[in-house]
Amino acid sequence: MTAIPALDRLRETLAQSLPYCGGTFELPSDSFELYYGKENAKFVHLSSAASSHEALDALQSACEPAAFGRNTETVLDETYRKAGKMDTSEFVVRLDVVKSGLLDIVCSSLLSGDKSRRSVRAELYKLNVYGEGAFFKSHTDTPTSGTMFGSLVVVFPTSHVGGNLILRHHEHEWTFDSAKLLAGTANHVAYAAFFSDVEHEVTTVTSGHRITITYNRYWGNSETDREVTGTQSNSLNILQPLNVNATGVGRVLAEALEDKALLPEGGTLGFGLRHAYPFPRTWDMAVDKKDPLAALPALLKGSDLALFDACEALGLKPQLKFLGDTGEKDDEPILLDRAIQISDVEVYDRVDEMVTYHNGVIMEEVDADFRPSSADIAIGNRRPVYWVTEVGKMNTLASTYIHYGNQGVLSHLYMTACLTVDVGPVGDRKAVRD
Ligand SMILES: O=C(O)CCC(=O)C(=O)O
Ligand SMILES: [Fe+2]
């Protein structure tokens, strides 16, 4: 098969997009003030200089053991998560992520395209104390609603050793060492913001107190731009460069489309999305009216968003689809343009059910140089697809893997869709057969 160098570059570009940003941020001293407890309210200043070991121990003792999610259940199991937690009803912290400008910094580092201006809401979720021996094994942050897209962790400058936040996405891994970043400072916080579907863990704290507050981040109203309140401060240290954008992706995609070795007579290109998105566990079309897949374009993030925007900018029509896996070894996967609830599909013939009643087409994986025969064109319910980026189990609708979250899954589950784009023949890629 002929090599298509621009396609390799496209894959590299899409994989480069970082799903996290982090750094340190200087704040006025009062931002570190914490009041907790209702009956006997206590005060502690969360910086190494101002707080005694005893005061931090007292805060730790006032916490409850932190639970986490195993599928739909919220469980306590100190072999998986050992940490203290305090609910927002039990404490008040002076730090304001909006007024201080921290939320702006995080959004402009992590988001791209129109979304970098879109309004974002950060909701304080928990205070956590990781004392000596505390840790949290690998999990993703459970979506509490369909608009939740990210998490933000703020680590206070109380002295601690260990407790690295390790993030993993596809084949990459990043370590955020808050202890090292905060060493010797009393007036900075360390922050890490990531897309919530990114797997992460907190390694064992070997000494001291690692005290954090976490926020869930949600998309706000798509019509309203984010109010930019932040001051650009010299005291900001951003560890991660900006994300890939649609222009960069569009440039390599356009180049790939000029190559005669890629679907010379036109066809369908497929991309497995790199992020998972929250979908309702159940819904009823009669009540909800809208298919959850229809909401997905507004939720895209990272390189998924850059790819979608790049296709549109080139005059192509990207489509988001699910891959329906029937669960049978010999069945071919079905491309679906709506989200269906697998449990709704009769067990006796899922392929027929998905094709006949759910508008599905049978997906046939082909090579980059595929040329359709007249037979391919005639058969309406089969679709030859050349997958540019990997599509697989992750992209299937019926996901059965055990999900570890920061709480039990309530209303939403992460699902990964794929993007397909029909292209015309070389030289006329926008010309697409109906
Ligand atoms: O403390 C951290 O760095 C991350 C904590 C975390 O993953 C969580 O609370 O879900
Ligand atoms: Fe988490």
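Just the heavy atoms: all of them, side chains too, but no hydrogens, waters or symmetry mates, feed the values below. First listed ligand is number 1; within each ligand, the first listed atom is number 1.
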Does the Arg383 side chain pair with the main chain of Thr268, one donor and one acceptor, at a distance under 3.5 Å? no
For Arg210 and Gly163, indicate whether the former's side chain and the latter's backbone hold a donor-acceptor pair under 3.5 Å. yes
Does Phe279 reach the side chain of His412, with side-chain heavy atoms less than 4.5 Å apart? no
When you compare the side chain of Tyr215 with that of Val154, does any pair of heavy atoms fall below 4.5 Å? yes
With heavy atoms under 4.0 Å as the rule, classify the contact between His139 and ligand 1 as side chain, backbone, both or neither. side chain
Side chain, backbone, both or neither: the part of Val155 lying under 4.0 Å from ligand 1 by heavy atom: neither
Show the atoms of ligand 1 that are less than 4.0 angstrom away from any heavy atom in [X].
| X | value |
| --- | --- |
| Arg81 | 9 (O) |
| Val202 | 1 (O), 2 (C), 3 (O), 4 (C), 5 (C) |
| Leu165 | 3 (O), 4 (C) |

Step through the shown structure and confirm whether more than 12 heavy atoms of other residues, nucleotides or ligands are within 6.0 Å of CG on Asp30. yes
Exactly one of Phe195, Phe149, Tyr414 clears ring pair (Phe, Tyr, Trp, His ring centres under 6.0 Å) with His275, and that residue is Phe195
Any donor-acceptor N or O pair under 3.5 Å, side chains Thr140, Asp197: no
Would you check the N or O atoms of Thr214, main chain and side chain alike, for any that come under 3.5 Å of an N or O of ligand 1? no
Please work out which of Arg210, His200, Lys137, Gln407 has its closest non-hydrogen atom nearest to atom 3 (O) of ligand 1. Arg210
For atom 5 (C) of ligand 1, which of the options Tyr130, Phe176, Tyr191 provides the nearest non-hydrogen atom? Tyr130
Quick check: of its N, O or S atoms, which one does His139 have closest to the Fe ion (ligand 2)? NE2
Looking at Asp141, the N, O or S atom sitting nearest the Fe ion (ligand 2) is OD1
